[in-house]
Asks: 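Pasting in a structure now, in structure tokens, and then I'll have a few things to ask.
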Amino acid sequence: MNIFNFFEAEFQAISNDLKGAGTIPETVDVSKVVFELPRNATHGDIACNAAMVLAKQAKMKPRELAELLAGRLAGCDGVTRVDIAGPGFININVEPRLWSAELRCILAAGTQYGRNDRGAGKSVNIEYVSANPTGPLHAAHARGAVLGDALAGLLEFSGWKVTREYYVNDAGGQVDILAHSVYLRYLEALGETIDTIPPGLYPGAYLKDVGVALAARDGDRYLALDEDKWLNPVRQFAIDAMMAIIRKDLVKLGVEMDVFSSEKALVEGGAVQAAIDRLQQDGHLYCGVLEPPKGKEPEDWEPREQLLFRATAFGDDTDRPLQKSDGGWTYFSSDVAYHLDKLERTGGRLINVFGVDHGGYVKRMMAAVEALSGRKNMLDIKLCQLVNLMENGKPVKMSKRAGNFVTVRDVVNAVGADVIRFIMLTRRSDQTLDFDYAKVTEQSRDNPVFYVQYAHARCSSVLRQAGTMPDEANLDILTMPAELALIKQLVSWPRIVVAAATTHEPHRIAFYLMDLASAFHSLWTAGRGNPALRFMLDDDAELTAARLWLVKATATVIRSALNVLAIPARDEM
RNA sequence: GCGCUCGUAGCUCAGCUGGAUAGAGCACUAGACUACGAAUCUAGGGGUCGGGAGUUCGAAUCUUCCCGAGCGCGCCA
């Protein structure tokens, strides 16, 4: 039993008791009452906000209610003192044994410590990366990849049934351009001289290999054909080649998708028409003329009547067109179909990880999912800000026009997947992030990956030197402030998981790991100045045993948290 | 013009969905080394949380209006 859950359960009993006695009304809602570690350690071991949260409902003054509750809480097992402070905080001090009991839970659970069942086995679909199949993943894609993947690990750790999904935009104009670009390289492979790649086509050298491979497989059969004859096979070949590259890049990053969904298959299977029929039936569509956007009117704007989705009924700023002037579907309408497909397949919630450049797309997608599902909050969209690649503080130059950009593969080869996975989570996802090659491989406090891994390596080092672990230890004797500070940090892990999972914010795990590492490094160094604080003591086998278990628990929690991020812990640096 | 994401220490950023005297790291100052028990740690100075108004016991957090930055705004995806 988690110490916080213990007090929450005790509080539940106390409030029921008070309700029964008529001291507080039956209707009082205690769901916002929390027991937590106070920010300031001088405020005791555990703080409770109940008096402030419930004062209005109970029609009592916060301090008065606090007095009442404090009296009851003082009677709970292990409580040594209860104070009331500030506007009505109830600060509880407990016997150290309550903390060491938690330590035993950690050791019993191993790296499963922190897991919870909030998801209750329900399905959630996370769509991320979904880069166009027109080239290798570039560095900016890595952030979305890591965010989505960490989120997936986090939600699994919280009891959700997670599907990791990549949406392949293999229909539409971009892949036609790809096909034309590859066709040029194909001609080149067959001996024709290509001076310059015409503007509008993909100039990247990575397409040369694709042209060569196409020539090797199919020979010169497309040479004399008209475009409408070669376009389909060349396009398919190119898309397959690009997706093979992208999958390899993802594997290098440690990302393994469960599902790759094809836009082309969706469209050809009639899913768009089906989705539109569905919206039509439910009365969400109409034909109308859109106002041009104010302030920035496109030069070629022509008012025209078109099929529109009534997105404004679901909070969007304007209604959204579903059909292009040439009669084809807009990207939005195939995306509507795709989200309907995901809703039906998943039978649960959806999460999309988008780049910031798709920010303007969020409202209409939320609107569409609400219209399709008939429910709010079925879709959460995480926007991923830009990554600035740096080398010793200076931006890395990239020339898009020449087609040479820094790829995910380049970065993985330079610094390793573990470093990328961690560093990408050292900022909130909606904050821009500087990724400095030099700094992220530095072996110092400046580099959070190193700092965390080093803490784990130090734990391993101690355990190595100790040899075998003592079978039993009296953990109740771990009572020094620095020890208790570390234990409290360890005990926080399950709550971090819950908070990060419910807010869909995996960066909290990275920050937690840094805090935990800091608490451990601090305790470690304390032993330097004061030999009595060392983990292994020649003259005190009992304390040594207890401290070894503390070290073991620390390593366990670090490993558990790194596991969620799919980063292996290291035993040596 | 409208919308989205932001604005927190000199710099880079957290802030547990409204809680206590707003926290870290870097840098700066002063200290601690028998190197996997110094790749680290301890202590110190440093703030009008962009600005105004509002909501309430209580606001960095919620509402609203300004200022500033980035992104987006039918027939690209």
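Values reported hereafter were calculated over all heavy atoms of this structure, with side chains retained and with hydrogens, waters and symmetry mates removed. By convention in this document, chain letters (A, B, ...) are assigned in the order of the sequence lines, proteins followed by strands, and residues within each chain are numbered from 1.
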Asks: Looking only at the side chain of A:Arg508 (C-beta and beyond, no hydrogens), which of the listed nucleotides B:A77, B:G15, B:C57 gets closest?
Replies: B:G15
Asks: A:Phe35 CZ to B:C16 P: how many Å, rounded?
Replies: 20 Å
Asks: Quick one: are A:Glu102 and A:Asn2 in side-chain contact, heavy atoms under 4.5 Å?
Replies: yes
Asks: Within 45° of the ring axis of A:Tyr286 and under 6.0 Å from its six-membered ring centre, is that where the NZ or CZ of A:Arg310 lies?
Replies: yes
Asks: Applying a 3.5 Å limit to both distances, which nucleotide forms a Watson-Crick or G-U wobble pair with B:C28?
Replies: B:G44
Asks: Compute the ring centroids of A:Phe260 and A:Tyr166, then answer whether they are less than 6.0 Å apart.
Replies: yes
Asks: Verify side-chain hydrogen bond (donor to acceptor under 3.5 Å, both in side chains) between A:Tyr338 and A:Glu165, making sure each step is shown before the conclusion.
Replies: CA-CA 12 Å; A:Tyr338 175 50; A:Glu165 184 153 336; 2.8 Å; yes
Asks: For a quick check of understanding: with a heavy-atom distance under 4.0 Å over all strands, which category does A:Gly173 fall into, base, sugar-phosphate or nothing?
Replies: sugar-phosphate
Asks: So what does A:Ala47 hit on the nucleic acid, given a heavy-atom distance under 4.0 Å: a base, only sugar-phosphate, or nothing?
Replies: base
Asks: Select one nucleotide: of B:U40, B:C57, B:G37, the one nearest the side-chain heavy atoms of A:Met52.
Replies: B:C57
Asks: Does A:Asn169 reach a base, just sugar-phosphate, or nothing at all? Heavy atoms under 4.0 Å.
Replies: sugar-phosphate
Asks: Which nucleotide, B:A77, B:A14, B:C16, lies nearest any side-chain atom of A:Glu263?
Replies: B:A77
Asks: Nearest whole Å is fine: how far is B:C71 P from A:Leu386 CG?
Replies: 8 Å
Asks: For A:Met514, report the nucleic acid contact type (base, sugar-phosphate, nothing); a contact means any heavy atom under 4.0 Å.
Replies: nothing
Asks: Return the minimal non-hydrogen interatomic distance between A:Arg427 and A:Phe511, and the atom names on each side.
Replies: N-CE1, 4.4 Å
Asks: Quick one, give me the B/S/- string for nucleotides 2-13 of chain B, reading 5' to 3', where B means a protein heavy atom under 4.0 Å from the base and S means that only happens at the primed atoms, P, OP1 or OP2.
Replies: -SSSS-----SS
Asks: How many Å lie between OH on A:Tyr361 and P on B:G74, as a whole number?
Replies: 12 Å
Asks: Taking the C1' atom in each of B:G47 and B:U42, what is the distance between them to the nearest angstrom?
Replies: 24 Å
Asks: Please state how far atom CZ in A:Phe309 lies from atom P in B:G74, giving the value in whole angstrom units.
Replies: 18 Å
Asks: Whole angstroms only, please: what is the OH-P distance between A:Tyr166 and B:A77?
Replies: 16 Å
Asks: Describe the nucleic acid contact of A:Lys61 in one word from base, sugar-phosphate, nothing, applying a heavy-atom distance below 4.0 Å.
Replies: nothing
Asks: Among B:A20, B:C41, B:C36, which nucleotide has an atom closest to any side-chain atom of A:Arg445?
Replies: B:C41
Asks: Measure from CD on A:Gln57 to P on B:C57 and round the result to the nearest Å.
Replies: 13 Å
Asks: Could you please name the partner base of B:U63, counting Watson-Crick and G-U wobble pairs only when both distances are under 3.5 Å?
Replies: B:A53
Asks: Now, which nucleotide makes the Watson-Crick or G-U wobble pair with B:G68, with each of the two distances under 3.5 Å?
Replies: B:C6
Asks: Of all the nucleotides listed (B:U40, B:U17, B:G37), which has the minimum atom distance to the side chain of A:Thr503?
Replies: B:U17
Asks: Would you please determine if the base of B:G72 is stacked by A:His358, with stacking meaning a centroid separation under 5.5 angstrom and planes under 30 degrees?
Replies: no
Asks: Could you give the distance separating B:U40 and B:A27 at their P atoms, to the nearest angstrom?
Replies: 11 Å
Asks: Heavy-atom contacts under 4.0 Å between residues 320-340 of chain A and RNA chain B, which residues?
Replies: A:Pro321, A:Lys324, A:Ser325, A:Tyr331
Asks: Determine which nucleotide pairs with B:A14, using a 3.5 Å limit on both distances of a Watson-Crick or G-U wobble pair.
Replies: none
Asks: Determine whether a donor-acceptor pair (one donor, one acceptor, N or O, separation below 3.5 Å) exists between the side chain of A:Asp515 and the base of B:A24.
Replies: no
Asks: Would you say B:G15 has OP1 or OP2 under 4.0 Å from some side-chain N or O of A:His507?
Replies: yes
Asks: Would you say A:Ser518 reaches B:G25's phosphate, i.e. side-chain N/O to OP1/OP2 under 4.0 Å?
Replies: no
Asks: Quick one: is the NZ or CZ of A:Arg445 closer than 6.0 Å to the six-membered ring centre of A:Tyr451, and within 45° of its axis?
Replies: yes
Asks: P atom, B:C65 versus B:U29: distance in rounded Å?
Replies: 47 Å
Asks: Are OP1 or OP2 of B:U42 and a side-chain N or O of A:Ser522 less than 4.0 angstrom apart?
Replies: yes
Asks: Which whole number of Å gives the distance between the C1' atom of B:C16 and that of B:U61?
Replies: 12 Å
Asks: In whole Å, what separates the P atom of B:U63 from that of B:G23?
Replies: 25 Å
Asks: Both A:Asn132 and A:Tyr451 contact RNA chain B. Which one's nearest nucleotide lies toward the 5' end?
Replies: A:Tyr451
Asks: Could you give the distance separating B:A69 and B:A24 at their P atoms, to the nearest angstrom?
Replies: 33 Å
Asks: Nearest whole angstrom, please: distance from the C1' of B:A20 to the CD1 of A:Ile90.
Replies: 14 Å
Asks: Side chain of A:Gln465 only, heavy atoms from C-beta on: which candidate in B:G37, B:A20, B:U42 is closest?
Replies: B:G37
Asks: Tell me which donor-acceptor pairs under 3.5 Å the side chains of residues 355-367 of chain A have, and how far apart each pair is, sequence neighbours excluded?
Replies:
residue  : atom : partner  : partner atom : Å
A:Lys363 : NZ   : A:Asp317 : OD1          : 3.0
A:Arg364 : NH2  : A:Gly360 : O            : 3.4

Asks: Count the heavy atoms of every other residue, nucleotide or ligand shown that sit under 6.0 Å from NZ of A:Lys552, and state whether that count exceeds 12.
Replies: no
Asks: Side-chain donor-acceptor pair under 3.5 Å between A:His43 and A:Asp83, yes or no?
Replies: no
Asks: Both distances under 3.5 Å, Watson-Crick or G-U wobble: report the partner of B:U21, or none.
Replies: none
Asks: Would you mind reporting whether A:Leu565 and A:Leu513 have side-chain heavy atoms less than 4.5 Å apart?
Replies: yes
Asks: Any side-chain heavy-atom pair from A:Leu151 and A:Glu505 closer than 4.5 angstrom?
Replies: no
Asks: Give A:Ala85 one of three labels, base, sugar-phosphate or nothing, depending on what nucleic acid heavy atoms sit under 4.0 Å from its own.
Replies: base
Asks: Mind checking whether A:His456 and A:Phe520 have ring centres under 6.0 Å apart?
Replies: no
Asks: Roughly how many Å is it from CZ in A:Arg534 to P in B:C41, rounded to a whole number?
Replies: 17 Å
Asks: For RNA chain B, whose closest nucleotide is more 5', that of A:Thr42 or that of A:Ala171?
Replies: A:Thr42
Asks: Can you tell me which residue among A:Leu322, A:Asp319, A:Leu308 is in a side chain to side chain contact (heavy atoms under 4.5 Å, CB included) with A:Leu285?
Replies: A:Leu322
Asks: Can the ring centroids of A:Tyr202 and A:His180 be said to lie less than 6.0 angstrom from one another?
Replies: no
Asks: C1' atom, B:C49 versus B:U8: distance in rounded Å?
Replies: 4 Å
Asks: Using atom C1' of each nucleotide, how far apart are B:A59 and B:G51 to the nearest Å?
Replies: 16 Å
Asks: Tell me what A:His521 touches on the nucleic acid: a base, only sugar-phosphate, or nothing, going by heavy atoms under 4.0 Å.
Replies: sugar-phosphate
Asks: Side chain of A:Gln306, heavy atoms from C-beta onward: which of B:G74, B:A14, B:U56 has the nearest atom to it?
Replies: B:G74
